Amino acid sequence: MLRSSVNTAAILVFTGALAAAQGAPTPDADMKAVLDQLAALHPKPLETLSADEARKQPTPADAVKGLLKKNNKSTAPEPVGKVDDRTITGAAGQIPARIYTPVGKGPFPVLVYFHGGGWVIANPEIYDATPRALVNLVNCIVVSVDYRRGPEQKFPAAHDDANAAYEWVVKNASSMNGDPTRIAVGGESAGGNLAVAVAMAARDRKLQAPVHVMSVYPIAGSNTDTESYRQNAMAKPLNKVMMEWFFKNYLRSDADRKDPRIDLVNANLKGLPPTTIVTAEIDPLRSEGQQLAERLKSAGVQVDARNYDGVTHEFFGMGAVVAKAKAAEQFVADGLKKGFGK
């Protein structure tokens, strides 16, 4: 046990030195304020915890609320027309979903949104800010879907639930004042992966295709030795050892790392809908997100991709305190509007 701890510490010191040697990028002032606030909440290293313990740790969303309080600003959620918590049909039973509806008459276009958390932690409540922002920026309904998580339910449980949720929305869009002909998919991190995987599944199963894919700093591969993994080996709030922890908790074996639903950069991407991709400079997933954009373009898919310097993984949805998050939200909204034909 002691020997293992010493080895782990040595590895962390080495990877940290390597990241420094390769010029690890630094956060801008907005992002640094969030990271400082997160550090003040004293989260434990995720890789030292069980999945259940990890789900109880302070989150970047908590840091944003703390920063707003510190600056005497409101922590109230961004208002939308209506929010409805309910259950919908997943792949193996009912799953939670939160439906956000804009003010107005409708029928509205619909975004099926998948939260992040490495397919292991988090839920729609933690990722509440993104759907609210997009409802108002795009004037669309957002169905924020939960899914089964590892290690309790291993791969492909989350992917199967995401496919089932998309099919449910296609069938039930009209009943929520949505337009069943204008349905997009999107998500952040693990959810960004799920969005692309759902579009692939719809293509392969000859189902109604999403009109657009929004993929924000997606997990798009399983190679943890890319340029951005080396640069951001010790980054916060996501780093290399944390990603390995997520893979260990969700995947059944190393063989799953090569499954096209995980290894998107090596999947068949032909025939997918127009896609918007956002990446962040201080993120181990940056390289694979950028590679995914290039692979999609090579496959003939229309892609708009943008990288944001000085910000970290999880910056999206922090528009209340991070200026570049607000810009990224607008960039994504513009892509969705185009996809919806607005």
Side-chain angles (χ1 to χ4, degrees), residues 25 109 111-114 116 130 134 138 159 162-163 166 182-232 243 257-309 311 313 315-316 324 327-342:
L111 170 66
V112 185
Y113 168 83
F114 306 107
T130 291
L134 294 178
V138 183
H159 288 75
N163 289 332
Y166 172 71
R182 293 191 294 161
I183 299 174
V185 292
E188 297 175 56
S189 193
N193 167 282
L194 292 174
V196 177
V198 164
M200 288 164 51
R203 176 201 62 195
D204 295 345
R205 296 167 64 188
K206 296 181 170 52
L207 303 175
Q208 175 180 320
V211 297
H212 196 81
V213 177
M214 159 196 143
S215 191
V216 178
Y217 33 68
I219 300 174
S222 57
N223 175 15
T224 58
D225 192 35
T226 63
E227 179 187 33
S228 60
Y229 263 105
R230 293 191 295 271
Q231 283 182 340
N232 300 297
M243 276 306 305
R257 294 173 80 116
K258 295 302 178 186
D259 188 286
R261 291 166 287 185
I262 300 296
D263 196 27
L264 299 178
V265 295
N266 290 308
N268 172 18
L269 302 172
K270 290 181 179 177
L272 293 190
T275 300
T276 300
I277 293 178
V278 167
T279 53
E281 182 186 24
I282 310 171
D283 184 355
L285 306 184
R286 185 192 72 236
S287 293
E288 64 202 59
Q290 293 173 326
Q291 186 181 11
L292 177 62
E294 291 306 315
R295 293 289 171 87
L296 283 163
K297 288 176 186 174
S298 296
V301 178
Q302 181 185 326
V303 180
D304 286 319
R306 191 168 294 177
N307 183 69
Y308 290 84
D309 289 341
V311 289
H313 194 81
F315 87 100
F316 195 83
K324 285 175 183 172
E329 290 162 8
Q330 186 62 60
F331 173 64
V332 161
D334 291 343
L336 286 166
K337 285 180 180 179
K338 194 185 300 181
F340 288 140
K342 297 170 66 176

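All residue numbers in this chain count up from 1 along the given sequence. Please read all numbers here as calculations on a predicted model, not as lab measurements.
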Quiz item: Does Gln208 reach the side chain of Tyr166, with side-chain heavy atoms less than 4.5 Å apart?
Solution: yes
Quiz prompt | N/O donor-acceptor pair under 3.5 Å between Arg286 side chain and Thr279 backbone | solution = no
Self-check item: Non-hydrogen atoms of Pro284 and Ser228 that approach each other most closely
Solution: O-OG, 2.6 Å
Exercise. Give, for atom CG of Leu264 and atom CE of Met200, the distance between the pair rounded to the nearest 0.5 Å.
Key: 6.0 Å
Exercise. First locate atom CD1 of Ile282, then atom CG of Asn232, and finally report the distance between them rounded to the nearest 0.5 Å.
Key: 7.0 Å
Exercise. Taking all heavy atoms of Arg257 and all of Asp263, pick out the closest pair and write down the distance.
Key: O-CB, 3.4 Å
Quiz item: Would Val311 and Glu281 satisfy side-chain contact (heavy atoms from CB on, under 4.5 Å), going step by step from the backbone distance to the final call?
Solution: CA-CA 6 Å; Val311 289; Glu281 182 186 24; 5.9 Å; no
Quiz prompt | Pro274 side chain reached by His212 side chain, heavy atoms, under 4.5 Å | solution = yes
Quiz prompt | Nearest non-hydrogen partners of Ala327 and Tyr308, listed with the distance | solution = O-OH, 3.7 Å
Exercise. Indicate yes or no: at least one non-hydrogen side-chain atom of Arg306 is less than 4.5 angstrom from one of Thr276.
Key: no
Self-check item: Minimum heavy-atom distance Pro273-Pro210, with the two atoms named
Solution: CG-O, 3.1 Å
Exercise. Could you please spell out the steps behind the side-chain contact (heavy atoms from CB on, under 4.5 Å) verdict for Val198 and Val112?
Key: CA-CA 10 Å; Val198 164; Val112 185; over 6 Å; no
Self-check item: Polar side-chain atom of Arg261 near backbone of Ala197 as donor-acceptor pair, under 3.5 Å
Solution: no
Quiz item: Where is the tightest heavy-atom contact between Pro218 and Leu292, given as atom of each residue plus distance?
Solution: CG-CD2, 4.1 Å
Exercise. Would you confirm whether Lys270, through its side chain, and Gly300, through its main-chain N or O, come within 3.5 Å as a donor-acceptor pair?
Key: no
Quiz item: Are more than 12 heavy atoms from other residues, nucleotides or ligands located less than 6.0 Å from atom NZ of Lys297?
Solution: yes
Practice problem: Specify whether Tyr217 and Phe316 have parallel, tilted or perpendicular ring planes, treating 30° as the upper limit for parallel and 60° as the lower limit for perpendicular. | Solution: perpendicular
Quiz item: Among Lys338, Gln330, Lys337, which residue meets the side-chain hydrogen bond (donor to acceptor under 3.5 Å, both in side chains) test with Asp334?
Solution: Gln330
Quiz item: How about Arg203 and Leu272: do any of their side-chain heavy atoms sit closer than 4.5 Å?
Solution: yes
Quiz item: Roughly how far apart are Gln290 CD and Ile277 CD1, rounded to 0.5 Å?
Solution: 9.5 Å
Quiz prompt | Considering all heavy atoms, the nearest Leu111-Gly186 contact | solution = CD1-N, 3.6 Å
Quiz item: Which distance, rounded to the nearest 0.5 Å, do you find between the OG of Ser189 and the CG of Asp283?
Solution: 7.5 Å
Self-check item: Side-chain donor/acceptor of Glu288 to backbone N/O of Ala220, under 3.5 Å
Solution: yes
Self-check item: Euclidean distance, Leu285 CG relative to Gln291 CD, rounded to 0.5 Å
Solution: 12.5 Å
Quiz item: Any Lys/Arg nitrogen of Arg230 or Glu227 sitting under 4.0 Å from an Asp/Glu carboxylate oxygen of the other?
Solution: no
Self-check item: Rounded distance [0.5 Å steps], CG in Asp304 versus CZ in Phe331
Solution: 5.0 Å
Quiz prompt | 4.5 Å side-chain heavy-atom contact, Asn266 and Arg295 | solution = yes
